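So the structure is just underneath, and the comments pick up after that.
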Amino acid sequence: MLVYPSSIDLSSRTLRYLSVRLHARRREIGTRWRRLPAGRQALLALAHLRCGDTYAQLAAGFRIGIATVYRYIREAIDVLAALAPTLTEAMKTIRTKAFVILDGTLLPIDRIAADTPYYSGKHKRHGMNVQVLTDPFGRLLWASPALPGSVHDLTAARTHGIIDALAAAGLKCWADKAYQGAGYPVRVPFRGRRLKRWKRRHNSSHAKIRCLVEQAMAVLKGWRLLRKLRCSTNRIPAIVQAVLVLHRASA
């Protein structure tokens with residue numbers, strides 16, 4: 001396989017952050033020797049998460065075996081996922097905001113038609129449902145663990161306890177029509193085609209606020225691995241949490 005130099009559009013601070021965590025992990029388990037030092041392992045994991053490079057490509061680029069690449073990436077993801085804040089922990093920051101924006105996104109996966117639980121009727125494809133909370137400027141505050149794509153956004157929000165957490169904090173929340181019926185504190189647009197003029201104005205104002213959540217979605221999809229996940233669905237929740245931790249570290 002031909003090998004050529006490439007680049008990752010991340011800051012050196014992100015690399016140092018992951019390197020420190022991996023070095024601490026090695027000390028914790030008493031590792032004596034590895035094919036790659038912690039810094040190179042961190043670079044390997046970032047290349048996989050950010051650029052979506054395959055195990056074979058990374059094995060050739062770092063001159064190690066494919067099985068070693070798999071172990072190194074899995075370890076890095078698990079270390080990061082363990083640092084991800086829970087919704088309760090994230091609420092400490094979220095409570096300081098004037099309001100938040102809630103939305104869901106589907107992370108595509110390579111599953112066949114028989115895998116019904118992962119098929120989203122809304123998007124007409126297989127994937128994993130992730131709920132996102134942003135501040136009023138569209139900056140990512142928290143991302144939920146992934147659920148099968150067939151789970152409705154409102155059901156996912158309730159499953160993760162998002163609605164109850166926002167209500168307990170007394171926070172206002174803007175969301176789209178998928179969250180109709182969530183009740184207080186989620187504000188959704190009016191449904192229907194022949195709406196009164198004041199309802200149409202309300203929907204227009206609502207859309208201008210809620211559209212900022214697309215910035216957070218762009219942040220998630222900036223990690224190219226999330227654009228087409230080919231791993232076990234059991235690993236996807238950890239990957240999402242690892243990406244969230246890296247985003248917070250680089251922000």
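This one's a predicted model, so the numbers in the text were calculated from it and none came from an experiment.
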#### Entry: CA sep, side-chain torsions, deciding dist, call: Leu133, Ile101, side-chain contact (heavy atoms from CB on, under 4.5 Å)
CA-CA 6 Å; Leu133 284 172; Ile101 307 172; over 6 Å; no

### Query
Under a single-linkage definition using a 4.5 Å side-chain heavy-atom cutoff for Ile, Leu, Val, Met, Phe, Trp and Tyr, are Ile209 and Leu195 assigned to the same hydrophobic cluster?
no

### Query
What heavy-atom pair brings Ser144 and Val240 nearest, and what distance separates the two atoms?
O-CG1, 3.6 Å

### Task
Start with the C-alpha distance between Thr233 and Tyr118, add both sets of side-chain angles, then the distance that settles side chain to side chain donor-acceptor pair (under 3.5 Å), and finish with yes or no.
CA-CA 9 Å; Thr233 54; Tyr118 301 99; 3.1 Å; yes

### Query
Do Tyr119 and His126 have their ring centres less than 6.0 Å from each other?
yes

### Query
Does the side chain to side chain donor-acceptor pair (under 3.5 Å) test come out yes or no for His123 and Ser120, once each step is laid out?
CA-CA 5 Å; His123 297 90; Ser120 170; 3.1 Å; yes

### Query
Quick one: do Ile8 and Val20 end up in the same hydrophobic cluster if we chain Ile, Leu, Val, Met, Phe, Trp and Tyr together by side-chain heavy atoms under 4.5 Å apart?
no

### Task
May I ask you to check whether Phe190 and Trp198 place their ring centers less than 6.0 Å from one another?
yes

### Query
Can you find a heavy atom in the side chain of Thr134 that is under 4.5 Å from one in the side chain of Leu212?
no

### Task
Go through Asp176 and Arg187 one step at a time and tell me if the salt bridge (Lys or Arg N to Asp or Glu O under 4.0 Å) criterion holds.
CA-CA 8 Å; Asp176 61 20; Arg187 300 187 175 187; over 6 Å; no

### Query
If you count the non-hydrogen atoms of other residues, nucleotides and ligands that lie under 6.0 Å from NZ in Lys221, is the total more than 12?
yes

### Query
Can Leu147 be reached from Leu106 by stepping across I, L, V, M, F, W or Y side chains whose heavy atoms are under 4.5 Å apart?
no

### Query
Would a hydrophobic clustering, with Ile, Leu, Val, Met, Phe, Trp and Tyr connected at side-chain separations under 4.5 Å, put Val186 with Tyr184?
no

### Query
Which heavy-atom pair separates Ala98 from Leu171 by the least distance, and what is that distance?
O-CD2, 4.2 Å

### Task
Identify the heavy atoms of Ala216 and Val132 that sit nearest to each other, and give their distance.
CB-CG1, 4.0 Å

#### Entry: Any side-chain heavy-atom pair of Lys208 and Ser205 under 4.5 Å
no

### Task
Flag the pair Trp142 / Ile162 as yes when at least one side-chain heavy-atom distance between them is below 4.5 Å, and no otherwise.
yes

### Message
Which residues pass the salt bridge (charged side-chain N to carboxylate O under 4.0 Å, His left out) test with Arg50, not counting sequence neighbours?
### Response
Asp9

### Query
salt bridge (Lys or Arg N to Asp or Glu O under 4.0 Å) between Lys228 and Asp110: does it pass, once the steps are laid out?
CA-CA 7 Å; Lys228 185 67 173 181; Asp110 59 340; over 6 Å; no

### Message
Could you check whether Arg21 makes a cation-pi contact with Tyr17, meaning its NZ or CZ is under 6.0 Å from the centre of the six-membered ring and within 45° of the ring axis?
### Response
yes

### Message
Would a single hydrophobic cluster contain both Ile236 and Val151, if residues Ile, Leu, Val, Met, Phe, Trp and Tyr are joined by side-chain heavy-atom contacts under 4.5 Å?
### Response
no

### Message
Looking at every heavy atom in both Leu244 and Pro85, which two are closest together, and how far apart are they?
### Response
CD2-CD, 4.2 Å

#### Entry: Heavy atoms of other groups near Arg34 CZ, more than 12 under 6.0 Å
yes

### Query
Between Ser12 and Arg16, is a side chain to side chain donor-acceptor pair (under 3.5 Å) present by the stated rule, with each step listed?
CA-CA 6 Å; Ser12 57; Arg16 288 195 301 270; 3.2 Å; yes

### Nearest heavy-atom neighbours spanning Gln241 and Pro145
NE2-N, 3.5 Å

### Query
Would the number of heavy atoms belonging to other residues, nucleotides or ligands and lying under 6.0 Å from CZ of Arg125 be above 12?
no

### Task
Specify whether His206 and Trp174 have parallel, tilted or perpendicular ring planes, treating 30° as the upper limit for parallel and 60° as the lower limit for perpendicular.
tilted

### Query
So do Ile109 and Arg230 actually touch side chain to side chain, heavy atoms under 4.5 Å?
no

### Message
Other residues, nucleotides and ligands only: do more than 12 of their heavy atoms fall within 6.0 Å of NE2 on His23?
### Response
no

### Shortest non-hydrogen separation from Ser19 to Ala38 and the atoms involved
O-CB, 3.9 Å

### Message
Could you go through Arg26 and Gln41, starting from their C-alpha distance and side-chain angles, then the distance that decides it, and tell me whether this counts as side chain to side chain donor-acceptor pair (under 3.5 Å)?
### Response
CA-CA 11 Å; Arg26 294 184 180 193; Gln41 182 183 356; 2.7 Å; yes

